[in-house]
Amino acid sequence: MRQFSRAFAALTVCVLCAGAINVSAATKGSENQEKLDMLGHQIRTFQQTTWHFQRLMGVSLSPTTGDSLRHLGVTGARTALVRWHRLAATTRRRAEHPPHLAALLCIHRYEGSWTDSGGPFWGGLQMDYGFQAVYGGWLLRTKGTADHWTPLEQMWTAEKAVRSRGFYPWPNTARSCGLI
């Protein structure tokens, strides 16, 4: 009977220890999932910022690795976060300086307000609906006419036109600015 009591006591200790290990592992797994969720949210924010400015500039979107956060783990997710943070900052800085910024600001000086909603021309560079559809189609679909776009979005839309047509969409103001 004494041996049985010792064996039962030892078995009870083992069961209690195993339960404590499982609770600890479950708690650790839950903490990791919370960290991954937080990191995932931050990564998605920087991805969206990067892709917004890349679409705006008309350049290819940066790809993801395609790996899930669970596959990356906390360490890999932190590395991905640093990468996307740097990429978002670099892309934003580049987007804030369109190649023909000074010329477009000169044209704007002779055109309407950035929020000019008086059709048939909208925004600070007086873009008609067809112009907006051709050079800023995704902005037109997502935000409406140019009077709802930021000045930077309006300038990058105009920049796309300048690449293919020069400054001729603004014949009078471009001439006043010495651009044609």
Side-chain angles (χ1 to χ4, degrees), residues 36-69 72 76-180:
L36 284 175
D37 290 345
M38 181 192 65
L39 290 167
H41 175 72
Q42 292 173 326
I43 290 168
R44 281 186 294 281
T45 299
F46 288 127
Q47 283 174 336
Q48 294 304 316
T49 300
T50 301
W51 292 336
H52 171 78
F53 286 113
Q54 288 173 337
R55 276 188 199 96
L56 185 61
M57 294 185 295
V59 299
S60 299
L61 303 184
S62 297
T64 65
T65 62
D67 293 328
S68 69
L69 287 175
L72 289 174
R78 284 185 178 136
T79 302
L81 177 62
V82 169
R83 175 184 175 261
W84 281 104
H85 181 263
R86 285 184 187 147
L87 193 55
T90 301
T91 305
R92 178 187 294 264
R93 274 192 304 274
R94 184 171 165 222
E96 289 172 347
H97 300 92
H100 297 99
L101 178 62
L104 293 171
L105 288 174
C106 181
I107 290 172
H108 164 66
R109 191 172 347 145
Y110 297 102
E111 299 288 341
S113 160
W114 291 114
T115 58
D116 185 0
S117 60
F121 300 101
W122 291 268
L125 297 170
Q126 295 294 280
M127 298 179 268
D128 68 21
Y129 195 84
F131 185 97
Q132 293 172 63
V134 170
Y135 299 107
W138 72 275
L139 285 167
L140 186 59
R141 285 188 302 278
T142 58
K143 291 184 146 188
T145 53
D147 55 308
H148 300 288
W149 306 351
T150 66
L152 195 57
E153 290 168 336
Q154 292 180 45
M155 285 189 280
W156 272 104
T157 300
E159 186 67 44
K160 291 172 190 169
V162 169
R163 290 177 194 161
S164 64
R165 297 170 56 186
F167 292 100
Y168 290 97
W170 307 274
N172 296 328
T173 53
R175 201 167 275 113
S176 296
C177 292
L179 301 170
I180 53 177

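Sequential numbering from 1 along the given sequence is applied to the chain's residues. All figures in this text were calculated on a predicted structure; none of them were measured in a lab.
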### Lys160 side-chain N/O to Leu56 backbone N/O, donor-acceptor pair under 3.5 Å
yes
### Query
Between atom NE2 of His108 and atom CD of Gln154, what is the distance when rounded to the nearest 0.5 Å?
8.5 Å
### Atom pair CH2 (Trp51) and CG (Leu61), whose distance is rounded to the nearest 0.5 Å
7.5 Å
#### Entry: Sidechain-backbone polar pair: Gln54 side chain, Thr91 backbone, donor-acceptor under 3.5 Å
no
### Summary
Correct closest heavy-atom pair for Ala77 and Leu69 would be CB-CD2, 4.0 Å
### Query
In Å and rounded to the nearest 0.5 Å, what is the CZ to CG distance from Phe131 to Leu140?
12.0 Å
### Query
Is there a donor-acceptor pair under 3.5 Å between the side chain of Trp170 and the backbone N or O of Leu125?
yes
### Query
Do Asn172 and Tyr110 pass the side chain to side chain contact (heavy atoms under 4.5 Å, CB included) test, and can you show the C-alpha distance, the side-chain angles, and the key distance before you say yes or no?
CA-CA 9 Å; Asn172 296 328; Tyr110 297 102; over 6 Å; no
### Task
Taking all heavy atoms of Pro171 and all of Ile180, pick out the closest pair and write down the distance.
O-CD1, 3.6 Å
### Modelled atom types, side-chain donor and acceptor of Thr64 and Gln47, under 3.5 Å
no
### Query
Minimum heavy-atom separation for Ile107 to Thr173, with atom names?
CG2-OG1, 3.6 Å
### Query
How about Leu39 and Leu72: do any of their side-chain heavy atoms sit closer than 4.5 Å?
no
### Task
Give, for atom CD of Gln132 and atom CG of Leu139, the distance between the pair rounded to the nearest 0.5 Å.
9.5 Å
#### Entry: From Arg92 atom CZ to Thr49 atom OG1, the distance as rounded to the nearest 0.5 Å
6.0 Å
### Task
Determine yes or no for a side-chain-to-main-chain donor-acceptor pair under 3.5 angstrom, with Trp114 supplying the side chain and Thr150 the backbone.
no
### His148 atom NE2: more than 12 heavy-atom contacts under 6.0 Å
yes
### Query
Nearest 0.5 Å, what's the CZ-OG1 distance between Phe121 and Thr145?
13.5 Å
### Message
Main chain of Val82, side chain of Arg86: is a donor-acceptor contact present, judged purely on distance under 3.5 Å?
### Response
no
### Query
How close do Ser164 and Tyr135 get, heavy atom to heavy atom, and via which atoms?
OG-OH, 3.4 Å
What donor-acceptor contacts under 3.5 angstrom involve side-chain atoms of residues 94-106, with partners at least two apart or in another chain?
unit_1: His97; atom_1: ND1; unit_2: Arg93; atom_2: O; d: 3.0
unit_1: His100; atom_1: ND1; unit_2: Glu159; atom_2: OE1; d: 3.3
unit_1: His100; atom_1: ND1; unit_2: Glu159; atom_2: OE2; d: 2.6

### Message
With heavy-atom distances below 4.5 Å as the criterion, would you say the side chains of Arg55 and Trp156 are in contact?
### Response
no
### Query
Is a side-chain donor or acceptor of Arg44 paired with a backbone partner of Gly40 at a separation under 3.5 angstrom?
yes
### Query
Of the non-hydrogen atoms in Asp147 and Ser117, which two are nearest, and what is the gap between them?
OD2-CB, 3.1 Å
### Task
Of all the heavy-atom pairs spanning Ser62 and Leu87, show the shortest one and how long it is.
OG-CD2, 3.3 Å
